[in-house]
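For reference, positions follow the sequence shown, starting with 1. Since the model is a prediction, treat every value here as computed from it, not as a measurement.
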Amino acid sequence: MLARDGISGASVRAVAAQADVSVGTVLYHFDGGLEELQRLALERVMETLYARRLKVVAGQGSVASKLAAMIQMGVPDVIDEDLASIYCALPQIREDALLAAAHRDLVERQVSLYRSLIEIGVEAGECTASSSVDDIARSIVALEDANDLYPLLGLECGGGHARRRRVRSYAELALGVSLPE
């Protein structure tokens, strides 16, 4: 149900109805109630986002094509329910130590994927790092997040392609590489 309806559709009653059990049964298994269900949903979303990116990094292709694919995933044309759920839950994430740790871990793993790709690219001579590899990787992740937040905040600036172009431009400049479309 969480995968289908997202976090905003999650409620203890909805979970109970979907499972064809009583609300009490759901609360017995999830004694944290809705907060625990939301935490599980956010953790699932974060893990899914990371797993998709890991698949790109582990796949075939040049560093430039992998960077382009990662940025495509990080700044999609449409912010889906899963990605929006993370951004909309940021206030809740800050208040919940477990969620905050899971979110920090997701960000660090994203940075790690970019860092690894950049290091491989530098070693292979496919790109150059104009500054610290870690700084570039962190900046790409931060730019992705900022450009994903724009439409959610009503600051749409030209659609997914334009938002992605801004991130790609930074990566190309910082890495001295041309990314394929």
Side-chain angles (χ1 to χ4, degrees), residues 1-59 66 68-117 137-164 166-167:
M1 185 199 87
L2 292 168
R4 184 190 66 229
D5 300 331
I7 292 173
S8 60
S11 71
V12 173
R13 273 191 210 294
V15 170
Q18 179 72 30
D20 198 27
V21 298
S22 72
V23 170
T25 300
V26 173
L27 291 173
Y28 175 78
H29 291 287
F30 298 98
D31 60 357
L34 183 57
E35 291 79 21
E36 184 176 354
L37 290 172
Q38 288 174 327
R39 181 174 28 259
L40 290 171
L42 281 171
E43 288 172 357
R44 179 199 58 82
V45 167
M46 289 188 281
E47 191 57 39
T48 299
L49 292 173
Y50 174 75
R52 282 190 282 195
R53 287 177 175 235
L54 182 59
K55 194 173 184 179
V56 168
V57 172
K66 290 178 182 183
M70 293 268 289
I71 292 169
Q72 174 74 35
M73 287 179 165
V75 187
D77 289 328
V78 176
I79 307 300
D80 66 11
E81 174 71 27
D82 283 345
L83 191 53
S85 69
I86 291 175
Y87 293 121
C88 292
L90 286 175
Q92 177 188 353
I93 289 170
R94 282 194 312 249
E95 299 296 320
D96 183 308
L98 291 174
L99 279 178
H103 187 259
R104 271 191 309 277
D105 182 55
L106 172 66
V107 170
E108 289 304 316
R109 291 191 298 163
Q110 287 176 291
V111 169
S112 176
L113 290 175
Y114 274 113
R115 187 184 313 113
S116 296
L117 269 178
R138 288 182 186 285
S139 294
I140 292 171
V141 171
L143 284 169
E144 285 179 352
D145 286 346
N147 279 281
D148 285 343
L149 280 169
Y150 281 176
L152 293 176
L153 297 173
L155 302 172
E156 182 58 56
C157 299
H161 179 74
R163 290 183 286 114
R164 206 167 27 260
R166 289 188 285 276
V167 179

One should read off an interatomic distance between I140 CD1 and L117 CG, to the nearest 0.5 angstrom, of 9.0 Å
So CD1 of I71 and CZ of R163: to nearest 0.5 Å the spacing works out to 13.5 Å
Between M73 and V56, does the side-chain contact (heavy atoms from CB on, under 4.5 Å) criterion hold? Intermediate values first, please. CA-CA 10 Å; M73 287 179 165; V56 168; 3.4 Å; yes
Here the pair of heavy atoms bringing V57 nearest to K66 is O-NZ, 2.9 Å
What one should report as the nearest heavy-atom pair of R138 and V111 is CG-CG1, 3.7 Å
Check: [Y] and [X] side chains under 4.5 Å, non-hydrogen atoms:
{"X": "D145", "Y": "V141", "result": "yes"}
{"X": "Y50", "Y": "D105", "result": "no"}
{"X": "R115", "Y": "Q110", "result": "no"}

Those residues at least two apart in sequence (or on a different chain) that pass side-chain hydrogen bond (donor to acceptor under 3.5 Å, both in side chains) with E144 are R53, Y114
Can you tell me if S112 uses its side chain to pair, donor with acceptor, with the backbone of E108 under 3.5 Å? no
### Query
Salt-bridged, E47 to R52, with N to O below 4.0 Å?
no
